[in-house]
Amino acid sequence: MKRFFSVFFVLCLLLSLILITASASKALTFKAGTYSASAQGHNGEVVIEMSFSDEAVTDVKITEHNETIGIADLALEKIPEAIVKAQTLAIDSVSGATMTSEAIIKSALACVEQAGGDADKLLGGKRVRVSSDNHILNDVEVDVLIIGGGGAGLSAAVSAAEEGARVILVEKTDSLGGNTLRSGGVFNTYDPEGQKDIPMNESLASAVEAVLNKENTSSEQAELKAEVQKQWDEYRASGRSNLFDSPEWHALQSLDAGDNIGNVSLMRTLTTHSLETKKWLTNHGVAWLPEIRTVVGALWNRSSQPVNKSGADIVAALKTAAETSGVDVYFNSKAENLITKDDRVVGAIITNALGEKVTVLAKKGVVLATGGFGANIDMRVRYNKHWADLSENIKTNNHPGATGDGIVMGEAIGAHLVDMEWIQLIPLHPVSGGGISGYVNNAVYVNQEGNRYVAEDERRDVLSQSALDQTNSVFYVVNDQAEVDRVGVPEETIKYMVANGLIYSSDTIEGLAEEIGAEPENMVATIGDFNKSVESGKDLFDRRTFDQKISVPPFYAASFSPAVHHTMGGLEINVNAQVIDSNGEVISGFFAAGEVTGNIHGTNRVGGNAVPDALVFGKIAGLMAARGE
Ligand code: ADP
């Protein structure tokens, strides 16, 4: 988290220039002098000092605050500057730092009142928006327009620019990265070098056979299954004892985990290109943890993670690549609708950072990479058919910009929407606020009573529904010190989390049960049974992924409850990332990638498949658009 904040801080500093849009208010009068006032921010009082001449605000300084570095920087730095430059208090709150922004404006208002100024005049007039960038988009024609600056949009932009296209990327928020920035950057791929020391076991073998023994669901799937069967037979005959994996098994297993409604060719595209995309990221500067494991819902030991355990590593690398390849990025620039001409998408109308509507024409193609609709409660309630409740009662861990804009824009010009009803809840949304790791290899999930209730390496939909069925819809992830050491959580972070109630800790399992209010006898029996399963490889809940026992004190627990995480539905695309209309025809000039697309994952996205999905199809979309195909 610390690393996330520091990367974010650096990004903000690097980009920190201001947009000032309002014309200066006229005929202001004040009692010249310096005044001070404070108001409650997010973490405490924000104190400001404000200086006035007879007719202007001359300086605003934040003299004290306890706001979070990395999140509040933009507000703390740019709102005071904006007040002086624009002589106004009509300044929009910075998204993600609303309470800090409001505290600054409230304190400034109090200072204006002390100086005998006209607060209404300062609050009226055209509103100003501060931004991390001063680049204002105007009417323009380029080769490729990319809409959305998450993982998919960034990779599309880089790949189009590397192909020689003149590229503009518009991002509606202040920052790049979308959900990839917020994620752990987990990237599933077959990776023979990285997986070579991972052992196979009989439970994992039976998982392969269980999928191979299922009914075929389509001729394409049968063909894929036959390839995996051949690989599996060869693997068995070879006597190898390390993990079985291949792009085909990754595809077959992922399709099966989505109940085989995903498109086989698209899934094969994802799993076939994921390793080269990981290498592409490596070439652009991403360093990876040496150990490949299984994150929640990933089903297999093929989850790689950047060294800082954050998607910020991936975003930083792609951002640098975008800069060096000449991509022109515009923040606070929101695509409103697509422009078509003779059945071809030729551009989009964008509201720029000044609130003006401008036209961007794209000679070669438009790539839609606006993400899903996890943060749009109306849309998720409208499309949901499978969860009891997806209203505001269920939180989301998506960024606030995940509002389904691209789905609406695409549908408006005839794009075919698919799988919209399938919405993923991530089981691991923090309640107590902390946690040791998202890996399932050495985690046990217990309910409020201290009992296990599910195989921790199950599909995410199964894990989420079973968690919702527990008391208060809450469960606890139990780890031991061995896992802390393995994932390298610093001692001071553990101390901070324990001291602040983000995680619970005890030297004994009984003590840990007391800490979380569970029945000690149950917890002792639960962990004892789990440790026996680690020895035997046989588990009451048919868990297949085992590493070491939960046996090294201190023991840790953190509480979680499911939250909306990924929307599987969206625009139908083909393997070239071209958008398909409701007649099954390609819409020319129109490409889409990432969570805005719909026909890849089926009913349930496998954990760790989202970042490769966004990046593999982002790269393809950028390349195809740049070639004008
Ligand atoms: P993906 O993983 O597919 O890249 P994300 O949700 O991570 O999806 O990123 C999507 C990005 O698109 C976010 O940064 C979001 O703010 C941006 N975005 C969403 N809607 C618009 C829009 N109408 N105009 C410009 N950017 C948008």
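Indexing begins at 1, ligand by ligand and atom by atom, following the structure's order.
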- Is the closest side-chain heavy-atom distance between Arg380 and Asn376 below 4.5 Å?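 They are not in side-chain contact.
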
- Within-4.5 Å side-chain heavy-atom neighbours: Ile600 and Met267: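 A side-chain contact exists here, since the closest heavy-atom pair is under 4.5 Å.
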
- Message: For Glu141, is there any backbone N or O sitting under 3.5 Å from a side-chain donor or acceptor partner on Arg166?
- Response: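 Looks like yes, one N/O pair under 3.5 Å.
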
- Item | N/O donor-acceptor pair under 3.5 Å between Gln424 side chain and Arg605 backbone |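 Such a contact is found between Gln424 side chain and Arg605 backbone.
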
Which N or O atoms of ligand 1 sit under 3.5 Å from a protein N or O, and how far apart is each pair?
from, atom 1, to, atom 2, distance (Å)
ligand 1, 3 (O), Glu595, N, 2.8
ligand 1, 4 (O), Gly151, N, 3.2
ligand 1, 4 (O), Ala152, N, 2.9
ligand 1, 6 (O), His399, NE2, 2.8
ligand 1, 7 (O), Asn179, N, 2.7
ligand 1, 14 (O), Glu171, OE1, 2.6
ligand 1, 14 (O), Glu171, OE2, 3.2
ligand 1, 16 (O), Glu171, OE2, 2.7
ligand 1, 20 (N), Asp405, OD2, 3.4
ligand 1, 23 (N), Ala335, O, 3.0
ligand 1, 23 (N), Asp405, OD2, 2.9
ligand 1, 24 (N), Ala335, N, 2.9
ligand 1, 26 (N), Lys172, N, 3.1

- Does any pair with a residue in residues 363-374 pass side chain to side chain donor-acceptor pair (under 3.5 Å), and if so which ones, sequence neighbours excluded?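 Counting only pairs at least two positions apart or across chains, no side chain to side chain donor-acceptor pair (under 3.5 Å) contact touches residues 363-374.
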
- Query: Above 12 or not: heavy atoms from other molecules or residues under 6.0 Å from CG of Asp343?
  - Reply: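 Not buried by this count: 12 neighbours or fewer within 6.0 Å.
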
